[in-house]
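Both counts, for ligands and for their atoms, begin at 1 and track the order of listing. Throughout, numbering of the chain's residues begins at 1 and tracks the sequence.
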Amino acid sequence: MTDLHRLSIREMAEGLKSAQFSSRELTQHYLDRIAKLDDRVNSYVTVTPEYALAQADAADNLLKNGTAGTLAGVPLAHKDIFCTQGIKTSAGSRMLDNFISPYDATVVAKAKAAGLVTLGKVNMDEFAMGSTSESSFYGATKNPWNLEHVPGGSSGGSAAVVAADLAPFATGTDTGGSIRQPASFCGLTGLKPTYGRVSRFGMIAFASSLDQGGPMARSAEDCAFLMNTIAGHDAKDSTSINKEVDDYVANLNATAVKGLRIGIPKQYFNVQGLDAEVKARVEESLKTLENMGAILVEIDLNMTEAYVPTYYLIAPAEASSNLSRYDGVRYGYRCENPKDILDLHKRSRSEAFGAEVQRRILIGTYALSAGYYDAYYVKAQKVRRLIQQDFLTAFENVDVIAAPSAPTTAYKIGANLSPTEMYLGDIYTLAVNLAGLPAINAPVGFDKDSLPVGLQLIGNYWSESQLLSIVHQYQQNTDWHTKRAAIAEENA
Ligand code: GLN
């Protein structure tokens, strides 16, 4: 079969159960595609063929004796920020180019326990800092829709593998938009869960109060299958919440779109730099939802201007603290012939961290330093609370909030945005992390250059089921999520 990669996750799982094909065949099919096509996309940092085929054989055994779980034998790719025992975990950095984790991240362990097959580890911005995936030590990943454009970031590899059909779905992480923005740039569905829903154990830390893992896939249904696998309380993550997990697949039609109140923040649609075509596609998608019975309600989110400065103090502050562990001593990169311990720290860090990571460490260290802590860090924390309050007030009146996921479509590779230009591109995604809320990106069309546009729906705490359900029903009424990039149409 040459078109196994065109199946949805549900169809793959059913095909495996009914022995139309084996996990080994399905896995080999993806490995062949990766071998043939990934040179052009540069999405994998590490491909693990032997490991994948061994997992596939194990899944095939379970399938044969009838004890396989729902997703047993289905392949996936992990963002290279999730620790994988025995397989390199680089976080896109020279610092961890030699790092092999002695344990699995909880997300990885859960995927393994479900019988999912790991194809490999995929590219990302260094330590998840960025919006283009160009800051990776392993070079830029290409956008499957146009190989001269970026796939977004930081989970750019996760987006590119799915959009090029080099994996059926993938894990990503989102600290300030890194699931939603690459999903938007690559025409995919991506869910950033409520803070605390998915364990952060073994997920390399960027900004611990903002980081959250989640699924990236073609459809809401595919995301729901992965959420059913990875969500849940984990005693190994003290910020993980002990709350019952929904059955996201069973709930795909549970939310009534008829009568659903969708908030449209006035401020969001007047942002300078919002591309006219992005705005038009998002408005068309809202019209579709209105035709399906939703009620559009204009709302205010008055703190919009504070999102970028608040995030770009808090995230670097936490990063500077988290990344202090890379000292050239314990693990990771160590410089050659250090003169003394200070030289060891200094050169190891200067040689192994890229420019954006160094910039964040400097900003964060500055914001946390004794003389500036109150003026910057504490102030940012207070503004963070106001941003959260703004959303809670809005949710008294509406069920979900609509926004673009990004003000533009995918940038050209090498566009060389200044740091502030790049940071401003995160305007629509940052507040969700600052408030700890869930949000989803859904593909809603293309611009004149055939680059995908995404709609973001932001929900109240623990509304993952609702968000997936709304997008699922939208996807039953539209076909944007079924569109494939030319490279995905090529056969191995
Ligand atoms: N683009 C944002 C940043 O550079 C968000 C990154 C992320 O979510 N990991 O920090």
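In this structure, S348 contributes its side chain and C335 its backbone to a donor-acceptor pair below 3.5 Å. Between the side chain of D80 and the main chain of K121, no donor-acceptor pair closer than 3.5 Å is present. Formation of a donor-acceptor pair under 3.5 Å by the H472 side chain with backbone atoms of L252 is not found in this model. D449 places no side-chain N or O within donor-acceptor distance of the main-chain N or O of L451, the cut-off being under 3.5 Å.
No side-chain donor from either of S133 and N123 sits under 3.5 Å from a side-chain acceptor of the other.
For atom 4 (O) of ligand 1, the choice among R360, K79, M124 with the nearest heavy atom turns out to be R360.
For ligand 1, the polar-atom distance check finds an N/O of G130 within less than 3.5 Å of one of the ligand's N/O atoms. The shortest N or O to N or O distance between L430 and ligand 1 is not below 3.5 Å. Residue M422 places no N or O, backbone or side chain, under 3.5 Å from any N or O of ligand 1. Of the N or O atoms in D174, none lie within a sub-3.5 Å distance of an N or O in ligand 1.
Of all the heavy atoms of F206, the ones lying under 4.0 Å from any atom of ligand 1 belong exclusively to the side chain. Only the side chain of D426 comes within 4.0 Å of ligand 1, counting heavy atoms alone; its backbone N, CA, C and O stay farther away. With a 4.0 Å cut-off on non-hydrogen atoms, S154 touches ligand 1 through its side chain and not its backbone.
In terms of protein heavy-atom proximity, atom 3 (C) of ligand 1 is nearest to Y312 OH, 3.2 Å. With hydrogens left out, the protein atom closest to atom 6 (C) of ligand 1 is S178 OG, 2.9 Å, a heavy atom.
Interface of A128 with ligand 1, defined as ligand atoms under 4.0 Å from a residue heavy atom, comprises 6 (C), 7 (C), 9 (N). The Y311 neighbourhood of ligand 1 comprises atoms 2 (C), 3 (C), 5 (C), 6 (C), 10 (O), with distances under 4.0 Å to a heavy atom of that residue.
Each of D399, V400, I262 was compared with I470 under the side-chain contact (heavy atoms from CB on, under 4.5 Å) criterion, and only V400 meets it.
Residues satisfying the ring pair (Phe, Tyr, Trp, His ring centres under 6.0 Å) test with F201, not counting sequence neighbours, are Y103.
A salt bridge links K448 with E277: at least one charged nitrogen is closer than 4.0 Å to a carboxylate oxygen.
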